Amino acid sequence: METNQFLKAYYESHDEDVRLTSRHGSVEFLTTMRYIERYLQADSRILEIGAGTGRYSHTLARMGYRVDAVELIEHNIEVFRAKTAPGEAVSVVQGNALDLSAFADHTYDLTLLLGPIYHLYTEADQKQALSEAVRVTKPGGIIFVAYCNNDATMVQTCFGRGLIRDEHFRALIDPVTFRARSTPAELFQLNRKEDADALISGLPVKRLHYLGTDMATCFIKDCVDAMDDEMFELYLRYHFSICERPDMVGATHHMLDILRKEETR
């Protein structure tokens, strides 16, 4: 199975669990779980595509749900399996989000696509991954799709860190729209809401929510990490109150699209 070597090297040296368990990183995780829990039923069957080391899969399995997981990177699969508790109702196989032919149509109540779009660099590949996620989901089931935001990266990395002056990065940015394009060497594909709109167009889905999962958090991460428990709980209340506001949802590093698969004839 072909693997992007830049991606392989990144995940072999990067601890994703640490990112999601730090105080500022936990905002993304807690927000995503908050919405997942809205749609869980007692007998929900869950598929996580691009499960990484299993932060979401293990959490849901330990809540009593049956979870199947697909992951591309062998290192992540090794960590995932090492973290699996005895009796935990979770499985993981190596696979690619572009081809879920090992999974039957209309099988899962919840399908999580929380990472693959980050690393797919063409609209055709992103559409294929989303189409596969929709295919394996039951009619009436829910699909969660995560994106990295173009403009948070533009503000914090390109301007905040001065990379806009670097010739290599400057060549990847449209000088009028400031839309950035990525290659495998940059690892992360960047999107805007109009990209998400285009990807779901024509698919048998209805959007239920579109939100920012971290909003201002990564811009003020040192402040968030320094918060005591009381202040952090207050911050979460504020964050949850604004994360779906259309006038603010673009001010986030990670976006989450929540879709319901419609009945098809």
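The shown structure was predicted, so the numbers you read here are calculated from the model rather than taken from an experiment.
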A.B. asks: Hey, any chance Leu256 and Leu110 share a hydrophobic cluster, counting ILVMFWY side chains that come within less than 4.5 Å of each other, even indirectly?
C.D. replies: yes
A.B. asks: Only counting residues at least two apart or in another chain, list the ones meeting salt bridge (charged side-chain N to carboxylate O under 4.0 Å, His left out) with Glu194.
C.D. replies: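 With sequence neighbours excluded, Glu194 shows a salt bridge (charged side-chain N to carboxylate O under 4.0 Å, His left out) to Arg179, given in chain and number order.
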A.B. asks: For a quick test of reading the model, state the closest non-hydrogen atom pair linking Leu72 to Gln94 and the distance between them.
C.D. replies: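 Heavy atoms of Leu72 and Gln94 come nearest at O-NE2, 2.8 Å.
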A.B. asks: With salt bridge (Lys or Arg N to Asp or Glu O under 4.0 Å) as the rule and sequence neighbours excluded, what pairs involving residues 120-133 come up?
C.D. replies: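 Listed once each, the pairs are Glu132-Arg135.
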A.B. asks: Output all residues satisfying salt bridge (charged side-chain N to carboxylate O under 4.0 Å, His left out) with Lys206, sequence neighbours left out; order by chain, then residue number.
C.D. replies: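 Per chain and number, Lys206 pairs via salt bridge (charged side-chain N to carboxylate O under 4.0 Å, His left out) with no residue.
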A.B. asks: With sequence neighbours left out, what residues match Glu88 under salt bridge (charged side-chain N to carboxylate O under 4.0 Å, His left out)?
C.D. replies: Arg62
A.B. asks: Could you give all pairs that pass the salt bridge (Lys or Arg N to Asp or Glu O under 4.0 Å) test and reach residues 141-162, with sequence neighbours left out?
C.D. replies: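 Checked against salt bridge (Lys or Arg N to Asp or Glu O under 4.0 Å) - neighbours excluded - the pairs reaching residues 141-162 are Asp151-Arg192.
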A.B. asks: Is it true that Asp109 and Lys138 make a salt bridge, defined as a side-chain N closer than 4.0 Å to a carboxylate O?
C.D. replies: yes
A.B. asks: If the condition is side chain to side chain donor-acceptor pair (under 3.5 Å), which residues does Tyr39 pass it with, not counting sequence neighbours?
C.D. replies: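 In terms of side chain to side chain donor-acceptor pair (under 3.5 Å), with neighbours along the sequence ignored, Tyr39 is linked to His209.
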A.B. asks: Tell me, which pairs form a salt bridge (Lys or Arg N to Asp or Glu O under 4.0 Å) where one or both residues lie in residues 230-246, sequence neighbours left out?
C.D. replies: Arg245-Asp247
A.B. asks: Taking side chain to side chain contact (heavy atoms under 4.5 Å, CB included) as the test, write out the residues that go with Ala124, two or more places apart.
C.D. replies: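 Applying side chain to side chain contact (heavy atoms under 4.5 Å, CB included) to Ala124 gives Thr122.
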A.B. asks: Which pair of heavy atoms, one from Val67 and one from Ser57, lies closest together, and at what distance?
C.D. replies: CG1-OG, 3.7 Å
A.B. asks: Would you please name every residue forming a salt bridge (charged side-chain N to carboxylate O under 4.0 Å, His left out) with Glu186, sequence neighbours left out?
C.D. replies: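 Listed in chain order: nothing, the list is empty.
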A.B. asks: Knowing that exactly one of Asp222, Asp228, Asp229 qualifies, which makes a salt bridge (charged side-chain N to carboxylate O under 4.0 Å, His left out) with Arg23?
C.D. replies: Asp229
A.B. asks: Which of these, Asp225, Thr217, Asp214, sits in a side-chain hydrogen bond (donor to acceptor under 3.5 Å, both in side chains) with His24?
C.D. replies: Asp225
A.B. asks: Return each pair, listed once, that meets salt bridge (Lys or Arg N to Asp or Glu O under 4.0 Å) where at least one residue sits in residues 41-50; pairs must be two or more places apart or across chains.
C.D. replies: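 Checked against salt bridge (Lys or Arg N to Asp or Glu O under 4.0 Å) - neighbours excluded - the pairs reaching residues 41-50 are Arg45-Asp68.
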A.B. asks: Return yes if some donor-acceptor pair links the side-chain N/O of Thr213 with the main-chain N/O of Thr31 below 3.5 Å, else return no.
C.D. replies: no
A.B. asks: Would Gln126 and Asn191 count as a side-chain hydrogen bond (donor to acceptor under 3.5 Å, both in side chains) here? Give the steps.
C.D. replies: CA-CA 11 Å; Gln126 292 186 31; Asn191 291 79; 3.2 Å; yes
A.B. asks: Tyr235 vs Phe232 aromatic rings, parallel, tilted or perpendicular, using cut-offs 30° and 60°?
C.D. replies: parallel
A.B. asks: Examine distances only and state if a side-chain atom of Ser22 and a backbone atom of Gly25 form a donor-acceptor pair shorter than 3.5 Å.
C.D. replies: yes
A.B. asks: Taking side chain to side chain donor-acceptor pair (under 3.5 Å) as the test, write out the residues that go with Asp166, two or more places apart.
C.D. replies: none
A.B. asks: Identify the two heavy atoms, one from Leu187 and one from His119, that lie closest to each other, and give their separation to 0.1 Å.
C.D. replies: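 Smallest heavy-atom distance, with atoms named: O-ND1, 2.8 Å.
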A.B. asks: Tracing side-chain links under 4.5 Å among I, L, V, M, F, W and Y, which residues wind up in one group with Phe178?
C.D. replies: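 Result for Phe178 is Met154, Phe159, Ile164, Ile173.
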